[in-house]
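Working notes for the structure below.
Below, chain A is the first sequence line, B the second, and so on; all start at residue 1. Treat the numbers as computed from the prediction; the structure is a model and nothing was measured. Values reported hereafter were calculated over all heavy atoms of this structure, with side chains retained and with hydrogens, waters and symmetry mates removed.
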Amino acid sequence: MRFGFVRVLGVSAGLLFLAGCGGGNEAKSGAPSRPLVFIGFDANPQLIAALKSGDLQGVVLQHPLLMGETGVKTLVRHLKGEADPEPAPPAEATKAEAKAAESSKTAAGPRTISTGEILATPENMETPEVAERLNPPKADHSVGVTAAAKPGGKVWRIMVIPKGTSHEFWKSIHAGALKAAEELGNVEILWQGPTVQDDIDQQRQIIENAVASKVDGIVLAPADSRALVKPVEGAIAKGIPVVIIDSALESDKIVAFVATDNHRGGELAAKRLAELLGERGKIILLRYPPGSAATQDRERGFMETISRYPNITYLSKDQDSGPDAESARAASQNLLSRHRGEVEAIFCPNESSTQGMLGALREAGMLKKGSR
Amino acid sequence: MNLDATSARPEPGRPLLSWRRAFAALGPILALALITLLFAVIQKGDAFLTPYNWRTIAVQTVITGTAALGMAIVIVAGGIDLSVGSVAALAAVGAGLAIRDGHFGLEAALAIGVGVGILFGMANGLLVVGLRVIPFIATLGTMNIARGLAKRWAGNTMVYAYDPNDPAAMASVPEWFDSFLRADAGTFFAPGVWALLLLTAATAVVLRLTVLGRHWIALGSNEGASRLSGLPVRRLKVSAYAVCGLFAGLAGVMQFANNNAVGNPTSAVGLELQAIAAVVIGGGSLGGGRASILGALVGALIITVLKNGCVHAEIASETQDILIGAIIIAAVAVDRWRRPGA
């Protein structure tokens with residue numbers, strides 16, 4: 001056994017040596033001379049720093065604060081039996097956003113409220129409108145319950161269920177929900193999210209627990225557009241209304257759907273990418289694992305827009321990033337190792353995939369600055 | 001009960017090096033060579049065999065490989081540890097908090113992270129021997145406890161040890177830490193890869209050549225016999241889980257380094273399953289008494305090569321999962337075939 005071990009060690013050392021041989025750090029020859037175009041979705045402190053340094057040429061920003069706030073307010077209005085007010089576009093919304101909100105209103109099914117999306121670039125990130133969206137207020141997740149009860153009034157207990165808790169995005173959703181509770185009064189926010197981003201089973205259990213504990217209403221960001229239809233409709237059947245935020249659910253029994261127009265977010269990213277590429281080049285789309293309607297809509301919007309540019313072709317569009325930044329980094333490393341020297345632009349459809357790709361690009365030395 | 005691995009000496013009448021032994025030890029390496037060859041043939045581009053790609057594969061193996069070393073020790077001693085992934089996340093969060101809130105230096109913070117791992121490992125061992133809960137259940141419990149603690153300590157979000165928007169703070173991160181798992185850093189391989197190779201050698205020496213290691217193997221082979229022959233069974237168990245916790249802590253702080261000094265409480269979910277898969281592919285037996293340290297390393301490498309190779313062969317993500325599952329089953333099936341007595 002001992003002899004066998006030594007022998008095995010020798011063989012493996014030989015293999016490792018062979019693999020390591022060649023040394024150096026040479027990239028493939030014929031690397032493109034233009035800097036890599038990298039577009040992401042959502043922001044966190046590291047991504048904002050990357051935008052500032054020019055490592056990222058753009059991120060599509062959503063409006064989570066408004067999303068959380070509108071979700072809770074729409075639900076409470078429904079609970080109080082108040083008529084839905086005309087969905088006034090948010091004050092800072094652009095013309096295009098207002099138009100998007102208008103068009104979605106005419107669509108069949110439950111009322112859709114768009115909370116708007118904008119593209120942040122290294123050039124416009126200092127403007128007040130973008131700067132505010134880059135750094136939206138965030139709530140500390142450890143605050144589980146917030147009650148703002150006026151004496152004597154009925155307190156509405158609202159369970160808010162995000163898709164996960166680790167992304168910055170959900171902290172702003174939480175802040176928006178708390179803001180709505182504070183402004184409305186008599187609203188208690190119960191915040192309960194799954195441990196792992198997009199854990200469908202855990203979301204189902206949280207919904208069931210919410211029903212069992214007789215909350216007045218649920219605001220849910222569903223991790224899957226179909227798998228959660230049953231528990232949600234079960235809750236509605238028991239008289240608990242549900243407002244869906246962020247990502248669609250295939251049900252017409254819900255009160256309303258409050259979200260970013262993710263399809264348009266993907267279009268914004270594609271247009272920026274095509275513009276910077278001069279409408280010609282080879283690109284990678286790193287997907288998010290299937291199931292989430294929000295990221296799928298972004299990918300679809302991106303691909304539909306890209307298909308209008310005949311000279312932009314995909315090197316890869318069928319690899320997914322896994323659930324977190326670490327898995328996204330490994331997936332990105334493999335993609336970059338495969339397509340080093342060929343790839344000219346990259347799009348990632350959410351925060352964790354953008355973060356993972358950023359780390360992989362840095363270590364591959366594929367960013368113009370070469371900063372950390 | 002596998003007496004084969006309990007003795008460093010060959011049994012009387014059997015040669016020191018038989019073909020069967022050589023094949024058993026070389027099995028995982030042969031499998032790795034075959035898989036490598038396969039991808040070299042079916043790849044769509046020409047980058048699979050480049051040094052850069054193999055440096056990438058090497059850094060991707062480090063975290064799973066480190067966790068697999070600890071798992072191999074627990075498995076050889078007849079146990080299992082399902083808390084490894086959660087403990088790794090807890091260690092990463094602990095290191096991040098030590099810097100952000102405790103204002104410790106980086107090295108001290110990393111030591112704290114590893115210390116958290118050792119403590120949790122010891123707790124696992126004490127639960128197993130003290131409450132006599134079977135390891136699967138005890139560590140299933142601590143898996144949830146460690147994950148909950150990690151999220152709680154982290155305030156349910158990322159722990160940024162250094163403010164990414166503060167250039168001075170980011171500049172204070174030492175180069176070795178920054179480049180620890182960077183594919184293009186180091187001589188031949190990134191420093192983290194060399195660390196893994198050293199850890200592997202050290203673990204193999206401890207398991208094969210020290211009394212402690214032989215006792216772990218004896219314990220895993222036959223607990224009753226070990227007790228009757230006067231081995232300190234309880235202490236051996238606690239020490240095996242503590243070592244596994246040590247490696248989980250190391251994997252956690254490596255994850256922390258890999259994530260740019262950000263402690264992510266929801267990271268490393270399922271790391272324990274990857275580690276178990278690596279040990280099993282490498283020839284380990286979940287029945288205890290048998291595991292190869294080098295095999296575990298090669299097992300971890302096989303998993304990474306599969307994932308990487310599939311990208312080069314342009315095989316979609318969902319197909320990769322199926323392939324990895326099939327390889328785990330095939331590895332164990334081949335293992336049964338080549339050791340009919342086991």
Side-chain angles (χ1 to χ4, degrees), chain A residues 1-5 7-9 11-12 15-17 19-28 44-46 48-49 52 140-142 164-166 168 171 193 195-197 287 289-290 316 318-320 322-326 329-331 333-340 359 362-365 372, chain B residues 5 8 10 16-17 21-22 24-26 29 33 45 47-48 50-56 58-60 147 151-152 155-158 160 163-165 170 173 178 182-185 187-189 197 201 204 208 255 258-260 262 264-269 294 298 307-308 311-312 314 316-317:
Chain A
M1 198 67 201
R2 203 178 300 174
F3 186 70
F5 173 72
R7 191 182 146 141
V8 164
L9 203 65
V11 170
S12 64
L15 278 178
L16 288 171
F17 180 76
C21 256
N25 184 18
E26 75 287 6
K28 258 194 201 170
N44 68 25
Q46 292 193 351
I48 294 170
K52 211 177 277 173
D140 182 356
H141 283 319
S142 51
T165 47
S166 57
E168 298 278 322
K171 292 205 279 184
T195 315
V196 183
Q197 178 83 11
R287 283 173 181 269
S316 164
D318 65 358
Q319 296 297 318
D320 79 46
D324 55 36
E326 289 81 10
R329 180 167 174 152
Q333 285 174 331
N334 291 339
L335 274 171
L336 294 180
S337 164
R338 163 80 177 83
H339 298 294
R340 237 164 115 81
R362 277 190 179 144
E363 83 179 325
R372 53 166 272 120
Chain B
L16 183 67
L17 184 73
R21 268 167 192 281
L26 284 172
I29 291 178
F48 181 66
T50 55
Y52 182 80
N53 192 48
W54 281 83
R55 279 199 290 267
T56 302
V59 295
Q60 290 182 357
R147 182 66 65 184
K151 291 181 71 186
R152 202 186 170 119
N156 254 322
T157 184
M158 304 281 179
Y160 291 90
D163 182 358
N165 285 307
M170 293 313 280
V173 182
D178 207 27
R182 240 179 42 207
D184 62 340
T187 315
F188 282 141
F189 292 112
L197 291 175
R208 296 293 165 201
Q255 182 90 274
N258 198 25
N259 207 6
N260 283 321
V262 179
N264 178 0
T266 60
S267 68
V269 172
L294 185 70
V298 175
K307 284 189 183 159
N308 177 280
V311 174
H312 286 268
E314 294 178 9
S317 295

(message) Which atoms of B:Y160 are under 4.5 Å from chain A, going by heavy atoms: the side chain, the backbone, both sets, or neither?
(response) side chain

(message) Less than 4.5 Å to any heavy atom of chain B: does that hold for the side chain of A:D324, its backbone, both, or neither?
(response) side chain

(message) Within this structure, what is the CZ-CG distance for the pair A:R362 and B:N260, rounded to the nearest 0.5 Å?
(response) 6.5 Å

(request) Tell me, for B:N53 versus chain A, whether the close heavy atoms (under 4.5 Å) come from the side chain, the backbone, both or neither. (result) both

(request) Tell me, out of B:T56, B:V59, B:N258, who's got the most heavy-atom pairs with chain A below 4.5 Å. (result) B:N258

(request) For residues B:A47 and A:S337, report the shortest heavy-atom separation together with the two atoms involved. (result) CB-O, 3.4 Å

(message) For the CD atom of A:E326 and the OG1 atom of B:T266, what is their distance to the nearest 0.5 Å?
(response) 7.5 Å

(message) Using 0.5 Å steps for rounding, measure from the CZ atom of B:R55 to the CD atom of A:Q333.
(response) 12.5 Å

(request) Kindly compute the distance separating CD (A:E168) from CE (B:M158), expressed to the nearest 0.5 Å. (result) 7.5 Å

(request) Compare every heavy atom of B:E314 with every heavy atom of A:H339, then report the nearest pair and how far apart it is. (result) CE1-OE2, 4.1 Å

(message) I need the minimum non-hydrogen distance between A:E363 and B:Y52, along with the two atoms involved.
(response) O-OH, 4.2 Å

